[in-house]
Amino acid sequence: MTEEKIIEYSCLLQEYMINSGANETFAIVVNILVNCIILTVVVTLLDIIFRKIIVQSFKAFSDKTKSTFDDFLVESNFPRYIAHFVPIIILWHSLPVIFVEFPSIDKFLNIVLQIYIVLLCILVFRSILRSSKNYAEGIEKYQDKPLQSYIQVMMIFAWGIGIFFAFNLLTGFDLGSVAALGALSAVILLIFKDTILGFVASIQVSVNDIVRIGDWITFSKFGADGYVTEINLATVRVQNFDNTFTTIPTYSLIADSFQNWRGMQESKGRRIKRSIYIKQNTIKFLTQEDLDELKKIQLIAPYIEHREKEVSSFNRTVAADKSIPINGRNQTNLGIFRNYAEAFITENELINPDLFLMVRHLAPTDKGIPIEIFCFTYDKAWENYERIQANIFDHLIAAVPYFDLEVFESPSGTDFDKISLMNKTEQ
């Protein structure tokens, strides 16, 4: 059927009203309104019918395939958006026929329709991107990647292209004309400053593998201490261990310092690094009676005997006068306690002996001499790690008095009461 024939059929009501004596302008307006109503009903029915056909056909197809990508396409309304193109094609060819008497209206509606097509294309593109993201999240090697950031970047470009085409349709500006709008670039950069910074940061985060989804990070500046649940263009979302959420600007991951615990989680152990403070005035040289008493501690007895032979041999060689303990070499209660602590940790089956293990003195402080325990546990789970660490220090703190040592503790109220009582007794 030719276009002239279609126009002729569309004007039947108009010709009938004119032949019946109606005003020509009135007849044209009524004819257009009736044609618009008919077209609206037809287009709506076709949109519903084709949407159901395409959506159901797509679902039936996706049910028969093993891939989940088509399932995600259905969930993201991809078939529904595609179905809208059928009524658009009908509208595209029908508008010039209905508004043949009003070309200016036809031109305006044609522009509106083209803008709608641009919008629909963006929605289809977004649907494909979302489906791709959901599909990639099911693949192990992509699960820790900031896919949401990539999607947002591509959508920014898509919306930018769409806005350019819409602007071109409304104003007639081409690409060369847009160049004349360079004066607005400063304003645009100011408005989208955070977005641009986030875009640059998300690329650096991804390329340098700074943070992944699922990483445990500590960011004191923002009060974040938990697992990363989402990385997008503007923010990083962290679920803290108290089940609250903290939102961190993506750019802060580049501009500020934070702690990522991934290295610990991927290593063979989690570090224990804690000190016991020993009162300095309880440190002493050990007499033979003291050594004999300490030899009853099975874990340290071989060390004491070996060390005793070395000390005795040296003292004989230099003819040390042992009537004064400071002459020659001597064993101290702190030195034996330090070796006991190292032997105790080495014997612990929960400590990884393949990683660094050490018990050492730190510089004396006003709180005593710190004896630092440095080792790694096999178990890296937080609750298990804390339990292992507590068990080690429970034992070592309880063992301190066996070496005639004391753990430093700042005086409390009861301590001052005892001092006051002692002073009164002396008086």
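- Counting only N and O atoms by type, the side chains of D321 and S323 include a donor and acceptor under 3.5 Å apart.
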Requested in this report: Go through Y402 and Y340 one step at a time and tell me if the ring pair (Phe, Tyr, Trp, His ring centres under 6.0 Å) criterion holds.
Outcome: CA-CA 11 Å; Y402 287 88; Y340 172 80; 9.0 Å; no
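- Judged by distance alone, the side chain of Y378 and the main-chain N or O of R270 form no donor-acceptor pair under 3.5 Å.
- With sequence neighbours left out, F356 forms a ring pair (Phe, Tyr, Trp, His ring centres under 6.0 Å) with F374.
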Query raised in the report: Would S131 and S76 satisfy side chain to side chain donor-acceptor pair (under 3.5 Å), going step by step from the backbone distance to the final call?
Result: CA-CA 7 Å; S131 301; S76 61; 2.8 Å; yes
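- At least one side-chain heavy atom of Q331 sits under 4.5 Å from a side-chain heavy atom of E308.
- Residues F393 and Q389 form a side-chain contact, since some pair of their non-hydrogen atoms from C-beta on lies under 4.5 Å apart.
- Looking at L119 and I115, their side chains never come closer than 4.5 Å, going by heavy atoms from C-beta outward.
- Using a 4.5 Å heavy-atom threshold, the side chains of L362 and R360 count as touching.
- Annotation: the span from L291 atom CG to I336 atom CD1 amounts to 5.5 Å, rounded to 0.5 Å.
- Among residues two or more places apart in sequence or in another chain, the side-chain hydrogen bond (donor to acceptor under 3.5 Å, both in side chains) test is passed with W261 by T218.
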Query raised in the report: Would I276 and I397 satisfy side chain to side chain contact (heavy atoms under 4.5 Å, CB included), going step by step from the backbone distance to the final call?
Result: CA-CA 8 Å; I276 299 175; I397 291 172; 4.1 Å; yes
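- In Q298, the CD atom is not crowded: 12 or fewer heavy atoms of neighbouring residues, nucleotides or ligands sit closer than 6.0 Å.
- Side-chain contact check for T346 versus I351: every heavy-atom pair is 4.5 Å or farther apart.
- Rounded to the nearest 0.5 angstrom, E349 CD and I388 CD1 are separated by 9.0 Å.
- Ion pairing of R130 with E75 is absent here, as no side-chain N (NZ or NE/NH1/NH2) approaches a carboxylate O to less than 4.0 Å.
- K273 has a carboxylate O that lies under 4.0 Å from a charged side-chain N of E372, or vice versa, which qualifies the two as a salt bridge.
- If you look at Y227 and F241, their ring centroids are closer than 6.0 Å.
- When ring centroids are compared, Y277 and F408 stay outside the 6.0 Å threshold.
- A distance of 7.5 Å separates CD1 of I272 from CD1 of I345, quoted to the nearest 0.5 Å.
- If you check the side chains of N260 and W216, you find no donor sitting under 3.5 Å from an acceptor.
- If you look at F69 and F72, their ring centroids are not closer than 6.0 Å.
- The shortest side-chain heavy-atom distance between K268 and F376 does not fall under the 4.5 Å cut-off.
- Scanning all heavy atoms of the two residues, the minimum distance from L299 to E347 falls at CD1-OE2, 3.5 Å.
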Query raised in the report: Run the side chain to side chain contact (heavy atoms under 4.5 Å, CB included) check on V236 and E230 step by step: do they pass?
Result: CA-CA 6 Å; V236 175; E230 182 182 352; over 6 Å; no
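- Scored by the side-chain hydrogen bond (donor to acceptor under 3.5 Å, both in side chains) test, T287 finds E289, D290 as partners (sequence neighbours excluded).
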